[in-house]
Amino acid sequence: MDEYFLEPPSYDRTLRQCSRIKLQNPEIKLFPIGKSFLGRKIYALAIGNTKNAVLFAGAFHAQEWLTCSLLMRFFQELAGAYTQNRLLLEVDIRNTLREKGLICIPMVNPDGVEIAINGTKSARHMQRYVETIMKQSDKKWQANVRGVDLNHNFDAGFRELQRLERESGITGPAPTQYGGTMPHSEWETRAVVGVCRSFRVRRVFAFHSQGEEIFYEYGEHTPPSSRLIAELLADSCGYRLVQNNGLASHGGFKDWFIDKMHRPGFTIEIGRGQNPLPIQDLNPIYSRLLEMMLLAVII
Ligand SMILES: [Zn+2]
(Lines give C-alpha, C1' and ligand atoms only; values in the text may rest on other atoms or scores of the structure.)
Protein backbone atom coordinates (compact mmCIF):
# COMPACT_ATOMS: atom_id res chain seq x y z
CA MET A 1 0.00 0.00 0.00
CA ASP A 2 0.96 3.63 -0.45
CA GLU A 3 3.35 4.94 2.17
CA TYR A 4 1.02 7.89 2.68
CA PHE A 5 -1.46 5.66 4.50
CA LEU A 6 1.11 4.30 6.97
CA GLU A 7 1.58 7.57 8.86
CA PRO A 8 -0.65 10.37 10.14
CA PRO A 9 -1.73 12.68 7.29
CA SER A 10 0.23 15.88 7.83
CA TYR A 11 -0.74 18.79 5.62
CA ASP A 12 2.28 18.58 3.32
CA ARG A 13 2.06 14.83 2.87
CA THR A 14 -1.65 15.07 2.12
CA LEU A 15 -1.11 17.77 -0.48
CA ARG A 16 1.61 15.69 -2.16
CA GLN A 17 -0.70 12.67 -2.19
CA CYS A 18 -3.51 14.76 -3.74
CA SER A 19 -1.10 15.79 -6.52
CA ARG A 20 -0.07 12.17 -7.02
CA ILE A 21 -3.73 11.08 -7.35
CA LYS A 22 -4.29 13.85 -9.88
CA LEU A 23 -1.19 12.80 -11.85
CA GLN A 24 -2.35 9.17 -11.99
CA ASN A 25 -5.94 10.12 -12.81
CA PRO A 26 -5.82 13.11 -15.16
CA GLU A 27 -9.62 13.34 -15.47
CA ILE A 28 -10.21 14.15 -11.81
CA LYS A 29 -10.11 17.70 -10.53
CA LEU A 30 -7.95 19.08 -7.72
CA PHE A 31 -8.58 22.67 -6.69
CA PRO A 32 -8.28 25.00 -3.70
CA ILE A 33 -11.58 26.07 -2.16
CA GLY A 34 -10.18 28.60 0.27
CA LYS A 35 -7.51 29.06 2.89
CA SER A 36 -7.07 28.38 6.56
CA PHE A 37 -6.34 31.22 8.97
CA LEU A 38 -2.60 30.52 8.62
CA GLY A 39 -2.89 30.63 4.83
CA ARG A 40 -2.75 26.90 4.13
CA LYS A 41 -4.87 26.18 1.08
CA ILE A 42 -7.84 23.91 1.66
CA TYR A 43 -8.18 21.49 -1.27
CA ALA A 44 -11.02 19.59 -2.85
CA LEU A 45 -10.79 16.55 -5.11
CA ALA A 46 -13.64 15.97 -7.54
CA ILE A 47 -14.63 13.15 -9.85
CA GLY A 48 -17.54 12.45 -12.18
CA ASN A 49 -20.45 14.78 -12.86
CA THR A 50 -19.93 17.66 -10.43
CA LYS A 51 -23.27 19.18 -11.46
CA ASN A 52 -24.92 16.29 -9.62
CA ALA A 53 -22.52 15.65 -6.78
CA VAL A 54 -22.45 14.70 -3.14
CA LEU A 55 -19.84 16.13 -0.83
CA PHE A 56 -17.57 14.26 1.59
CA ALA A 57 -15.63 16.32 4.11
CA GLY A 58 -13.25 15.26 6.88
CA ALA A 59 -10.87 16.52 9.55
CA PHE A 60 -13.08 19.35 10.80
CA HIS A 61 -11.61 18.41 14.16
CA ALA A 62 -7.86 18.36 14.68
CA GLN A 63 -7.64 15.02 16.50
CA GLU A 64 -9.85 13.35 13.92
CA TRP A 65 -7.24 13.29 11.15
CA LEU A 66 -7.91 9.61 10.51
CA THR A 67 -11.04 10.79 8.65
CA CYS A 68 -8.69 12.54 6.20
CA SER A 69 -6.74 9.32 5.61
CA LEU A 70 -10.03 7.46 5.10
CA LEU A 71 -11.38 9.94 2.54
CA MET A 72 -8.05 10.03 0.68
CA ARG A 73 -8.00 6.25 0.50
CA PHE A 74 -11.57 6.04 -0.75
CA PHE A 75 -11.09 8.77 -3.33
CA GLN A 76 -7.88 7.19 -4.56
CA GLU A 77 -9.57 3.83 -5.03
CA LEU A 78 -12.60 5.38 -6.72
CA ALA A 79 -10.39 7.42 -9.04
CA GLY A 80 -8.29 4.36 -9.89
CA ALA A 81 -11.40 2.35 -10.81
CA TYR A 82 -12.62 5.27 -12.92
CA THR A 83 -9.35 5.76 -14.78
CA GLN A 84 -8.74 2.07 -15.42
CA ASN A 85 -12.41 1.39 -16.12
CA ARG A 86 -12.55 -1.24 -13.37
CA LEU A 87 -15.47 -2.42 -11.28
CA LEU A 88 -15.48 -1.47 -7.61
CA LEU A 89 -17.64 -3.79 -5.49
CA GLU A 90 -19.23 -4.85 -8.78
CA VAL A 91 -20.23 -1.29 -9.60
CA ASP A 92 -19.32 0.07 -13.04
CA ILE A 93 -17.67 3.23 -11.76
CA ARG A 94 -17.04 4.90 -15.09
CA ASN A 95 -20.64 4.55 -16.17
CA THR A 96 -22.07 5.53 -12.80
CA LEU A 97 -19.95 8.66 -12.56
CA ARG A 98 -21.21 9.90 -15.91
CA GLU A 99 -24.38 10.79 -14.03
CA LYS A 100 -23.13 11.37 -10.51
CA GLY A 101 -20.18 13.03 -8.91
CA LEU A 102 -18.19 13.25 -5.71
CA ILE A 103 -16.52 16.32 -4.29
CA CYS A 104 -14.19 15.45 -1.45
CA ILE A 105 -12.57 17.84 1.05
CA PRO A 106 -10.28 15.53 3.02
CA MET A 107 -8.91 18.19 5.39
CA VAL A 108 -11.23 21.06 6.35
CA ASN A 109 -9.01 22.15 9.26
CA PRO A 110 -5.35 22.00 8.16
CA ASP A 111 -4.06 24.32 10.92
CA GLY A 112 -5.73 22.20 13.59
CA VAL A 113 -4.50 18.91 12.10
CA GLU A 114 -0.95 20.29 12.00
CA ILE A 115 -1.19 21.20 15.70
CA ALA A 116 -2.46 17.68 16.49
CA ILE A 117 0.22 15.91 14.45
CA ASN A 118 3.24 18.22 14.57
CA GLY A 119 2.65 20.28 17.73
CA THR A 120 2.21 23.97 18.47
CA LYS A 121 5.30 25.04 16.50
CA SER A 122 3.25 24.47 13.36
CA ALA A 123 0.96 27.30 14.51
CA ARG A 124 3.74 29.75 13.51
CA HIS A 125 2.98 33.28 14.78
CA MET A 126 -0.03 31.85 16.64
CA GLN A 127 2.11 29.44 18.69
CA ARG A 128 2.00 31.45 21.94
CA TYR A 129 -1.72 32.08 21.50
CA VAL A 130 -2.44 28.36 21.07
CA GLU A 131 -0.20 27.39 24.01
CA THR A 132 -1.92 29.91 26.27
CA ILE A 133 -5.35 28.48 25.45
CA MET A 134 -4.05 24.93 25.90
CA LYS A 135 -2.82 25.73 29.42
CA GLN A 136 -6.33 26.74 30.49
CA SER A 137 -7.83 23.35 29.70
CA ASP A 138 -7.08 19.66 29.94
CA LYS A 139 -8.93 18.94 26.70
CA LYS A 140 -7.16 17.92 23.50
CA TRP A 141 -6.97 20.45 20.66
CA GLN A 142 -9.85 20.03 18.21
CA ALA A 143 -10.34 23.62 17.05
CA ASN A 144 -8.77 25.68 14.30
CA VAL A 145 -5.72 27.79 15.18
CA ARG A 146 -7.94 30.58 16.57
CA GLY A 147 -9.50 28.27 19.14
CA VAL A 148 -12.82 28.05 17.30
CA ASP A 149 -14.44 24.64 16.91
CA LEU A 150 -15.38 24.59 13.23
CA ASN A 151 -18.24 22.20 13.79
CA HIS A 152 -19.79 24.76 16.16
CA ASN A 153 -19.31 27.62 13.73
CA PHE A 154 -22.00 26.91 11.13
CA ASP A 155 -25.21 28.91 10.91
CA ALA A 156 -27.74 26.54 12.47
CA GLY A 157 -29.25 27.29 15.88
CA PHE A 158 -26.22 29.41 16.65
CA ARG A 159 -27.75 31.50 19.49
CA GLU A 160 -29.01 28.36 21.20
CA LEU A 161 -25.58 26.78 20.81
CA GLN A 162 -23.93 29.87 22.36
CA ARG A 163 -26.28 29.59 25.32
CA LEU A 164 -25.38 25.90 25.76
CA GLU A 165 -21.67 26.70 25.47
CA ARG A 166 -21.90 29.38 28.17
CA GLU A 167 -23.81 26.98 30.42
CA SER A 168 -20.88 24.57 30.06
CA GLY A 169 -18.43 27.35 30.94
CA ILE A 170 -17.12 27.87 27.42
CA THR A 171 -17.01 31.62 26.86
CA GLY A 172 -14.01 32.18 24.60
CA PRO A 173 -11.40 30.48 22.39
CA ALA A 174 -10.81 26.93 23.62
CA PRO A 175 -9.31 23.63 22.45
CA THR A 176 -12.80 22.33 21.72
CA GLN A 177 -16.50 23.29 21.58
CA TYR A 178 -16.21 27.08 21.31
CA GLY A 179 -18.26 28.20 18.29
CA GLY A 180 -16.90 31.73 17.84
CA THR A 181 -18.63 35.11 18.08
CA MET A 182 -20.80 34.62 15.04
CA PRO A 183 -21.66 31.93 12.51
CA HIS A 184 -19.22 31.52 9.61
CA SER A 185 -16.66 33.75 11.33
CA GLU A 186 -13.90 31.34 10.27
CA TRP A 187 -12.20 31.10 6.89
CA GLU A 188 -12.41 27.32 6.92
CA THR A 189 -16.18 27.36 7.55
CA ARG A 190 -16.74 29.80 4.70
CA ALA A 191 -14.67 27.69 2.32
CA VAL A 192 -16.90 24.65 2.91
CA VAL A 193 -20.12 26.68 2.69
CA GLY A 194 -18.89 28.20 -0.58
CA VAL A 195 -18.38 24.78 -2.19
CA CYS A 196 -21.86 23.61 -1.18
CA ARG A 197 -23.43 26.74 -2.64
CA SER A 198 -21.44 26.98 -5.86
CA PHE A 199 -21.82 23.29 -6.78
CA ARG A 200 -25.34 23.01 -5.33
CA VAL A 201 -24.36 19.62 -3.90
CA ARG A 202 -27.16 17.10 -3.38
CA ARG A 203 -26.07 15.69 -0.04
CA VAL A 204 -23.25 16.11 2.41
CA PHE A 205 -21.42 13.56 4.51
CA ALA A 206 -19.30 14.96 7.33
CA PHE A 207 -16.74 12.51 8.68
CA HIS A 208 -15.75 12.62 12.35
CA SER A 209 -14.37 10.17 14.87
CA GLN A 210 -15.30 8.28 16.91
CA GLY A 211 -18.31 6.12 17.93
CA GLU A 212 -19.49 4.05 14.94
CA GLU A 213 -22.58 6.23 14.63
CA ILE A 214 -24.55 8.04 11.93
CA PHE A 215 -26.49 11.27 12.53
CA TYR A 216 -29.05 12.40 9.99
CA GLU A 217 -31.49 14.85 11.61
CA TYR A 218 -31.67 18.54 12.20
CA GLY A 219 -34.98 20.14 13.06
CA GLU A 220 -37.98 20.73 10.86
CA HIS A 221 -36.09 20.90 7.57
CA THR A 222 -34.78 17.33 7.74
CA PRO A 223 -35.89 15.88 4.37
CA PRO A 224 -38.17 12.82 4.54
CA SER A 225 -35.59 10.79 2.58
CA SER A 226 -32.86 11.32 5.18
CA ARG A 227 -33.89 8.49 7.47
CA LEU A 228 -34.13 5.95 4.66
CA ILE A 229 -30.69 6.88 3.33
CA ALA A 230 -29.24 6.76 6.84
CA GLU A 231 -30.77 3.32 7.41
CA LEU A 232 -29.31 2.04 4.19
CA LEU A 233 -25.86 3.32 5.11
CA ALA A 234 -26.10 2.02 8.66
CA ASP A 235 -27.20 -1.42 7.40
CA SER A 236 -24.23 -1.64 5.08
CA CYS A 237 -21.61 -1.05 7.80
CA GLY A 238 -23.35 -1.91 11.07
CA TYR A 239 -23.08 1.60 12.52
CA ARG A 240 -25.83 2.87 14.81
CA LEU A 241 -28.36 5.58 13.88
CA VAL A 242 -28.51 8.25 16.57
CA GLN A 243 -30.26 11.53 17.34
CA ASN A 244 -28.52 14.74 18.30
CA ASN A 245 -28.18 15.76 21.90
CA GLY A 246 -26.60 18.44 24.06
CA LEU A 247 -23.67 20.50 22.81
CA ALA A 248 -23.41 18.56 19.57
CA SER A 249 -26.93 19.53 18.54
CA HIS A 250 -26.38 22.87 16.76
CA GLY A 251 -23.82 24.71 14.68
CA GLY A 252 -22.53 21.65 12.84
CA PHE A 253 -21.90 21.39 9.13
CA LYS A 254 -24.66 18.87 8.45
CA ASP A 255 -27.03 20.94 10.65
CA TRP A 256 -26.42 24.01 8.49
CA PHE A 257 -26.79 22.05 5.27
CA ILE A 258 -30.14 20.60 6.32
CA ASP A 259 -31.39 23.85 7.84
CA LYS A 260 -30.41 26.22 5.03
CA MET A 261 -30.23 24.04 1.92
CA HIS A 262 -33.12 21.74 2.92
CA ARG A 263 -31.25 18.70 1.62
CA PRO A 264 -30.00 15.55 3.34
CA GLY A 265 -26.89 15.90 5.48
CA PHE A 266 -25.16 13.26 7.57
CA THR A 267 -22.47 13.02 10.21
CA ILE A 268 -20.56 9.76 10.30
CA GLU A 269 -18.53 9.01 13.41
CA ILE A 270 -15.91 6.51 12.30
CA GLY A 271 -14.13 3.98 14.46
CA ARG A 272 -14.06 3.35 18.15
CA GLY A 273 -11.57 4.34 20.81
CA GLN A 274 -9.83 7.51 21.93
CA ASN A 275 -9.00 10.36 19.57
CA PRO A 276 -6.72 10.49 17.78
CA LEU A 277 -7.44 6.98 16.56
CA PRO A 278 -4.14 5.36 15.57
CA ILE A 279 -3.22 5.11 11.91
CA GLN A 280 -3.32 1.31 12.31
CA ASP A 281 -7.12 1.62 12.56
CA LEU A 282 -7.32 2.85 8.98
CA ASN A 283 -7.34 -0.59 7.34
CA PRO A 284 -10.14 -2.17 9.38
CA ILE A 285 -12.24 1.02 9.25
CA TYR A 286 -11.77 1.30 5.51
CA SER A 287 -12.78 -2.32 4.94
CA ARG A 288 -15.88 -1.82 7.02
CA LEU A 289 -16.91 1.47 5.40
CA LEU A 290 -15.98 1.03 1.73
CA GLU A 291 -19.42 -0.18 0.65
CA MET A 292 -21.14 2.50 2.75
CA MET A 293 -19.06 5.27 1.15
CA LEU A 294 -19.70 3.93 -2.34
CA LEU A 295 -23.43 3.78 -1.59
CA ALA A 296 -23.32 7.38 -0.38
CA VAL A 297 -21.95 8.44 -3.76
CA ILE A 298 -24.21 6.41 -6.01
CA ILE A 299 -27.67 6.29 -4.38
ZN1 LIG B 1 -15.56 15.69 15.30
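Just so it is clear, the structure is predicted and the values come from calculations on it, not from any experiment.
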Shortest non-hydrogen contact from [X] to [Y]?
{"X": "P264", "Y": "P223", "answer": "N-CG, 3.5 Å"}
{"X": "N25", "Y": "A79", "answer": "OD1-O, 3.0 Å"}
{"X": "F56", "Y": "M293", "answer": "CZ-O, 3.5 Å"}
{"X": "C68", "Y": "A59", "answer": "CB-CB, 4.2 Å"}
{"X": "Y82", "Y": "R94", "answer": "O-NH1, 2.8 Å"}
{"X": "E291", "Y": "L89", "answer": "CA-CD1, 3.5 Å"}

For [X] and [Y], indicate whether the former's side chain and the latter's backbone hold a donor-acceptor pair under 3.5 Å.
{"X": "E64", "Y": "S209", "result": "yes"}
{"X": "K139", "Y": "P175", "result": "no"}
{"X": "Q63", "Y": "N275", "result": "no"}
{"X": "R263", "Y": "R200", "result": "yes"}
{"X": "K22", "Y": "I28", "result": "yes"}
{"X": "Y4", "Y": "S69", "result": "no"}
{"X": "S122", "Y": "N118", "result": "no"}
{"X": "S137", "Y": "M134", "result": "no"}
{"X": "D259", "Y": "W256", "result": "no"}
{"X": "R203", "Y": "V54", "result": "no"}

Do [X] and [Y] touch side chain to side chain, with heavy atoms closer than 4.5 Å?
{"X": "P278", "Y": "D281", "answer": "yes"}
{"X": "E212", "Y": "E269", "answer": "no"}
{"X": "H152", "Y": "Y178", "answer": "no"}
{"X": "I117", "Y": "W65", "answer": "yes"}
{"X": "H61", "Y": "L150", "answer": "no"}
{"X": "P8", "Y": "P276", "answer": "no"}
{"X": "M72", "Y": "I21", "answer": "yes"}
{"X": "F205", "Y": "L233", "answer": "yes"}

Decide whether [X] and [Y] meet the rule of one side-chain donor and one side-chain acceptor closer than 3.5 Å.
{"X": "S36", "Y": "N109", "value": "no"}
{"X": "T120", "Y": "E131", "value": "yes"}
{"X": "Q76", "Y": "Q17", "value": "yes"}
{"X": "N49", "Y": "E99", "value": "no"}

Indicate, with yes or no, if [Y] and [X] share a hydrophobic cluster defined by side-chain heavy-atom contacts under 4.5 Å among Ile, Leu, Val, Met, Phe, Trp and Tyr.
{"X": "L290", "Y": "L232", "value": "yes"}
{"X": "W187", "Y": "Y129", "value": "yes"}
{"X": "V195", "Y": "M107", "value": "no"}
{"X": "Y216", "Y": "V201", "value": "no"}
{"X": "I47", "Y": "F31", "value": "no"}

Taking atom [atom1] of [X] as the centre, does the number of heavy atoms from other residues, nucleotides or ligands within less than 6.0 Å exceed 12?
{"X": "R202", "atom1": "CZ", "result": "yes"}
{"X": "E167", "atom1": "CD", "result": "yes"}
{"X": "K35", "atom1": "NZ", "result": "no"}

Show your reasoning for whether side chain to side chain contact (heavy atoms under 4.5 Å, CB included) applies to L277 and I285. CA-CA 11 Å; L277 298 177; I285 290 174; 4.2 Å; yes
For ring pair (Phe, Tyr, Trp, His ring centres under 6.0 Å), just list the numbers for F60 and F253, CA-CA rounded to whole Å, side-chain angles, deciding distance to a tenth of an Å, and then say yes or no. CA-CA 9 Å; F60 291 82; F253 172 47; 5.6 Å; yes
Interatomic distance, [X] atom [atom1] to [Y] atom [atom2] [nearest 0.5 angstrom]:
{"X": "F5", "Y": "L66", "atom1": "CZ", "atom2": "CG", "result": "11.0 Å"}
{"X": "T96", "Y": "K100", "atom1": "OG1", "atom2": "NZ", "result": "8.0 Å"}
{"X": "K41", "Y": "C18", "atom1": "NZ", "atom2": "SG", "result": "13.0 Å"}
{"X": "L38", "Y": "N144", "atom1": "CG", "atom2": "CG", "result": "9.0 Å"}
{"X": "M292", "Y": "I268", "atom1": "CE", "atom2": "CD1", "result": "4.0 Å"}
{"X": "I42", "Y": "R190", "atom1": "CD1", "atom2": "CZ", "result": "10.5 Å"}

Yes or no on side chain to side chain contact (heavy atoms under 4.5 Å, CB included) for V113 and T14, after CA distance, side-chain angles and deciding distance? CA-CA 11 Å; V113 168; T14 301; over 6 Å; no
Can S185 and N153 be said to form a side chain to side chain donor-acceptor pair (under 3.5 Å), step by step? CA-CA 7 Å; S185 58; N153 190 238; 3.0 Å; yes
Side chain to side chain donor-acceptor pair (under 3.5 Å) between Y286 and E77, worked out: CA-CA 11 Å; Y286 182 72; E77 181 144 20; 2.5 Å; yes
Apply the test side chain to side chain contact (heavy atoms under 4.5 Å, CB included) to residues I103 and F199: give CA-CA distance (whole Å), side-chain angles for both, the deciding distance (0.1 Å), then the verdict. CA-CA 9 Å; I103 299 168; F199 287 91; 3.4 Å; yes
Would you sort out whether F215 and K254 count as a side chain to side chain contact (heavy atoms under 4.5 Å, CB included), showing the intermediate values? CA-CA 9 Å; F215 297 78; K254 81 114 175 43; 3.8 Å; yes
Checking R288 against N283 for the side chain to side chain donor-acceptor pair (under 3.5 Å) test, could you report, in this order, the C-alpha distance in whole Å, the side-chain angles of both residues, the deciding distance, and whether it holds? CA-CA 9 Å; R288 185 160 172 188; N283 269 336; over 6 Å; no
Would E160 and H250 count as a side chain to side chain donor-acceptor pair (under 3.5 Å) here? Give the steps. CA-CA 8 Å; E160 174 66 7; H250 298 284; 4.7 Å; no
